[in-house]
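Worksheet for the structure shown next.
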Amino acid sequence: LNAVSLIHAAASAGAHALLRVPGREPAYLRRALQLGVEGLILPQTETQQQAEAFVALARSCWPASSSLRGAGGPAAAALRPSGAPSAQHLRRRGEELLLKACQVETEAGLAAVKDIAQVEGIDMVFFAPVELAASCPRGQEAGLMLALETAEAEVKKAKKLLGGMLVPGRSVEQMFAVGYDLVCTTSDVILIRSAAENIVLEAKPPATGPKAGLLKWVESGRQGRLASDKETLVSWLRKSK
């Protein structure tokens with residue numbers, strides 16, 4: 001239910017909702033379909049069998065009726081389907097128009113991209129370069145870019161859509177130039193960090209004037225209190241007993 005407000009906001013703006021589900025469990029897929037999304041992304045796809053199971057499960061979870069509205073109860077209003085025209089058309093046409101994407105974010109998944117892209121029913125292979133780099137053993141990151149380029153070529157050779165997060169060192173224009181159909185330029189973590197940085201900058205006192213140095217004084221005072229171990233959270237909770 002955490003994505004309900006975001007999907008409804010996207011629909012009201014005429015945007016298309018693409019949701020990454022936590023896993024292949026039927027409950028996640030059914031709930032996503034109830035929300036009226038137009039595409040599903042399966043994270044951590046590493047084998048052809050996982051991709052095939054994802055497609056089969058998406059087809060089996062597709063409601064038989066033309067309405068994706070909840071069956072009633074407290075969640076019915078929250079799970080009302082998106083009102084976007086594209087989502088309404090999707091409900092009429094059924095599962096065939098639901099975009100099904102496999103997210104590749106590990107070395108094992110990168111090695112299996114050719115087989116994953118051949119699965120009938122998979123529409124897109126979605127790459128997460130930061131996660132890919134994190135999954136590589138230390139010292140072997142240099143060959144990752146070459147492996148990623150090879151995997152990208154395999155996806156295009158299979159005539160599937162190519163998507164992914166912005167690759168470090170590439171611009172959006174460069175990614176579209178090499179064949180990407182969908183590029184995500186940021187993430188929720190980056191957006192939250194940027195907002196926090198802006199708040200700090202707005203609250204920071206000027207370098208000159210009567211408030212100059214105020215922030216530094218408060219920070220150094222807190223560091224002194226923590227160093228004396230008198231006003232840490234643990235000590236405060238213990239004193240409150």
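The first residue in the sequence is number 1, and the count goes up from there. Note that the structure is a prediction, hence the values are computed from the model and not measured.
Applying the side-chain contact (heavy atoms from CB on, under 4.5 Å) rule to Ala112 yields the partners Ile116; only residues at least two apart in sequence or on another chain are considered. Take Pro26 and apply the side-chain contact (heavy atoms from CB on, under 4.5 Å) test, not counting sequence neighbours, and it matches Arg30, Leu57, Cys61. Contacts of Glu152 classified as salt bridge (charged side-chain N to carboxylate O under 4.0 Å, His left out), with partners at least two apart in sequence or in another chain: Arg170. The side-chain contact (heavy atoms from CB on, under 4.5 Å) check on Thr47 picks up Gln49, Gln50, with sequence neighbours excluded. In this view, Asp181 and Lys156 satisfy the salt bridge (charged side-chain N to carboxylate O under 4.0 Å, His left out) rule, not counting sequence neighbours. Here Gln103 pairs with Glu105 under the side-chain hydrogen bond (donor to acceptor under 3.5 Å, both in side chains) rule; sequence neighbours left out. For Gln44, there are no side-chain hydrogen bond (donor to acceptor under 3.5 Å, both in side chains) partners two or more places apart in sequence or in a different chain.
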Using distance only, find each side-chain donor-acceptor pair of residues 123-136 under 3.5 Å and give its atom names and separation, not counting sequence neighbours.
residue, atom, partner, partner atom, Å
Asp123, OD2, Lys100, N, 2.8
Ser135, OG, Glu107, N, 3.4
Ser135, OG, Leu132, O, 2.8

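Between Ile7 atom CD1 and Ser12 atom OG the span is 12.0 Å, to the nearest 0.5 Å. The structure places CD of Gln118 at 9.5 Å from NZ of Lys157, a figure rounded to the nearest 0.5 Å. One finds the CG atom of Leu40 at 6.5 Å from the CG atom of Leu19 (value rounded to the nearest 0.5 Å).
No more than 12 heavy-atom neighbours from other residues, nucleotides or ligands sit within 6.0 angstrom of CD on Glu120.
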